[in-house]
2 protein chains.
Amino acid sequence: MNIGEASRASGVSAKMIRYYESIGLIRAPLRTGNNYRVYSTEDVHRLRFIRRARDLGFSMPETEALLALWQDRTRSSADVRAIAVQHVADLEKRIAEMQAMTDTLRHLVHCCSGDDRPDCPILNDLANQRDHHGH
Amino acid sequence: MNIGEASRASGVSAKMIRYYESIGLIRAPLRTGNNYRVYSTEDVHRLRFIRRARDLGFSMPETEALLALWQDRTRSSADVRAIAVQHVADLEKRIAEMQAMTDTLRHLVHCCSGDDRPDCPILNDLANQRDHHGH
DNA sequence: GTAGGGATTGCCATCATGGGAAGGTCAAGG
DNA sequence: CCTTGACCTTCCCATGATGGCAATCCCTAC
């Protein structure tokens, strides 16, 4: 299977497959006589695994760790779980930050008349001298 | 006021102030005889405005638009409101995506025994042939 | 004069991803 | 045999907001 087929089968672009190889996330595949990379179905499974991990928001280092645990038959599920728990915590932190933004903005939007007059509480907030850092 | 003072007064790093100048977000300030940039309190207010907009997650183009509206005394608050509404929608979309990730992950974490055995539903999910695209 | 702190510019790096150029390979069909 | 088209290869460039570093200059204080 060449890189195009592996790409279609895994949902990872050929560009990214080469990139993952360059950073050592996947090992370099064998080459055919014409220097084409050749992939096995196992390689494709690995790529799908990576794709799925990335879709779930895992960072590259986390993905690498998960991949290593996946390959390791003597792993402890506790190690996998720890990575996932940490990632959930990270996601929740980011969600909370963005939620705080939307809460503030929704309030301001609610207070803004949104007509053709220039007065605007949104701009007032942005321009305000208040210490927005204080929280 | 030189760039260091403007930085401390606005909460924007000197590096970023120069960067904002280079991309045209703020205009180039006057220079003293020794080629130092010199800023007015009005410039600092603009920087604080930018800082606040960035803290609320507005993109650079949105920030630019908001800044322009702020300077424009004949603006309609509706224009400001539209940008904010769009941004809230963007944030909510991203929050929903991340929420979907956490929901999936929390479920998997819940199902994972997290002991020293290798069996792990988290890895099973990542390795699964299922079409995770289907939604 | 010298030390220190701040300013200037410019270059490099991030991180995951895409775009594109220049050139090799291969199969099908005239 | 030659062309066309669809692959593949490598290499370079760009993103966006930010930090870091280096060389050089300026000013003030001792």
Side-chain angles (χ1 to χ4, degrees), chain A residues 1-26 28-40 43-44 46-67 87 90-91 94 97-98 101, chain B residues 1-26 28-40 43-44 46-67 87 90-91 94 97-98 101:
Chain A
M1 193 182 334
N2 64 25
I3 201 169
E5 293 167 291
S7 169
R8 281 184 292 274
S10 65
V12 179
S13 73
K15 209 86 186 205
M16 277 299 100
I17 295 175
R18 294 196 194 94
Y19 173 69
Y20 292 156
E21 179 187 330
S22 80
I23 64 171
L25 186 60
I26 57 177
L30 297 175
R31 303 289 185 118
T32 60
N34 49 20
N35 202 29
Y36 286 11
R37 290 169 178 82
V38 57
Y39 295 94
S40 65
D43 292 328
V44 169
R46 244 172 291 224
L47 288 169
R48 287 184 68 92
F49 183 100
I50 293 168
R51 175 70 145 81
R52 173 70 175 149
R54 303 286 297 131
D55 283 351
L56 283 175
F58 285 104
S59 68
M60 297 296 292
E62 284 167 341
T63 300
E64 191 172 7
L66 290 170
L67 201 52
H87 180 44
D90 291 347
L91 281 171
R94 284 162 51 196
E97 288 168 358
M98 290 171 49
M101 292 179 191
Chain B
M1 195 181 336
N2 64 24
I3 202 169
E5 294 168 290
S7 170
R8 282 183 291 275
S10 66
V12 179
S13 73
K15 205 83 184 205
M16 279 299 100
I17 295 175
R18 294 194 194 95
Y19 174 68
Y20 291 155
E21 178 187 330
S22 80
I23 64 172
L25 186 61
I26 57 176
L30 297 175
R31 303 289 185 117
T32 59
N34 51 19
N35 202 30
Y36 286 11
R37 290 169 178 83
V38 58
Y39 296 94
S40 65
D43 292 328
V44 170
R46 246 177 293 243
L47 288 169
R48 288 185 67 93
F49 183 101
I50 293 168
R51 175 71 144 80
R52 173 71 174 149
R54 302 288 297 132
D55 284 350
L56 283 175
F58 285 104
S59 68
M60 297 295 293
E62 283 167 341
T63 300
E64 192 172 6
L66 289 170
L67 201 52
H87 180 44
D90 292 347
L91 283 171
R94 285 162 52 198
E97 289 167 358
M98 292 173 46
M101 293 178 191

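The chains referred to below are lettered A, B, ... by the order of the sequence lines, with proteins before strands, and numbering in each begins at 1.
- Following rounding to the nearest Å, A:R54 (CZ) and C:dG18 (C1') show an atom-to-atom distance of 15 Å.
- When all heavy atoms of A:R37 and A:Y39 are compared, the closest pair comes out as CD-OH, 3.1 Å.
- The interatomic distance linking A:Y19 (OH) with C:dG19 (C1') rounds to 17 Å, in whole Å.
- In this structure, the CZ atom of B:F58 is 18 Å from the C1' atom of D:dA17, given to the nearest Å.
- Between C:dC15, D:dT9, C:dG18, one nucleotide has an atom nearer to the side chain of A:S13 than all others, and that is C:dG18.
- Residues B:S13 and B:S7 approach most closely at CA-OG, 3.6 Å, considering heavy atoms.
- Contact record, A:A28 with A:E21: CB-OE2, 3.5 Å, taken as the closest heavy-atom pair.
- For the pair A:I50 CD1 and C:dA16 C1', the computed distance is 13 Å after rounding to whole Å.
- To the nearest angstrom, P of C:dA16 lies 11 Å from CD of A:E62.
- Checked against C:dA7, C:dA16, D:dC8, the side chain of A:R18 finds its nearest nucleotide in D:dC8.
- An OP1 or OP2 oxygen of C:dA16 is reached within less than 4.0 angstrom by no side-chain nitrogen or oxygen of A:Y20.
- The backbone N or O of A:R46 lies less than 3.5 Å from no partner atom in the side chain of A:D43, so there is not a single donor-acceptor pair.
- If you measure from atom CE of B:M16 to atom C1' of D:dG16, you get 9 Å, rounded to the nearest angstrom.
- At a threshold of 4.0 Å, the pair A:R51-A:D55 counts as salt-bridged, since one of the basic side-chain nitrogens sits closer than that to a carboxylate oxygen.
- The one candidate from B:I17, B:L25, B:V12 that meets the side-chain contact (heavy atoms from CB on, under 4.5 Å) condition with B:I50 is B:L25.
- Rounded to whole Å, the distance from CD1 on A:I3 to C1' on D:dT10 is 12 Å.
- Near DNA chain C, meaning a heavy atom under 4.0 Å away, the residues from residues 31-38 of chain B are B:R31, B:N35, B:Y36, B:R37.
- The base of C:dG6 lies outside donor-acceptor range of the side chain of B:K15, with no N or O pair under 3.5 Å.
- Here the closest non-hydrogen pair linking A:L56 and A:H87 is O-NE2, 2.8 Å.
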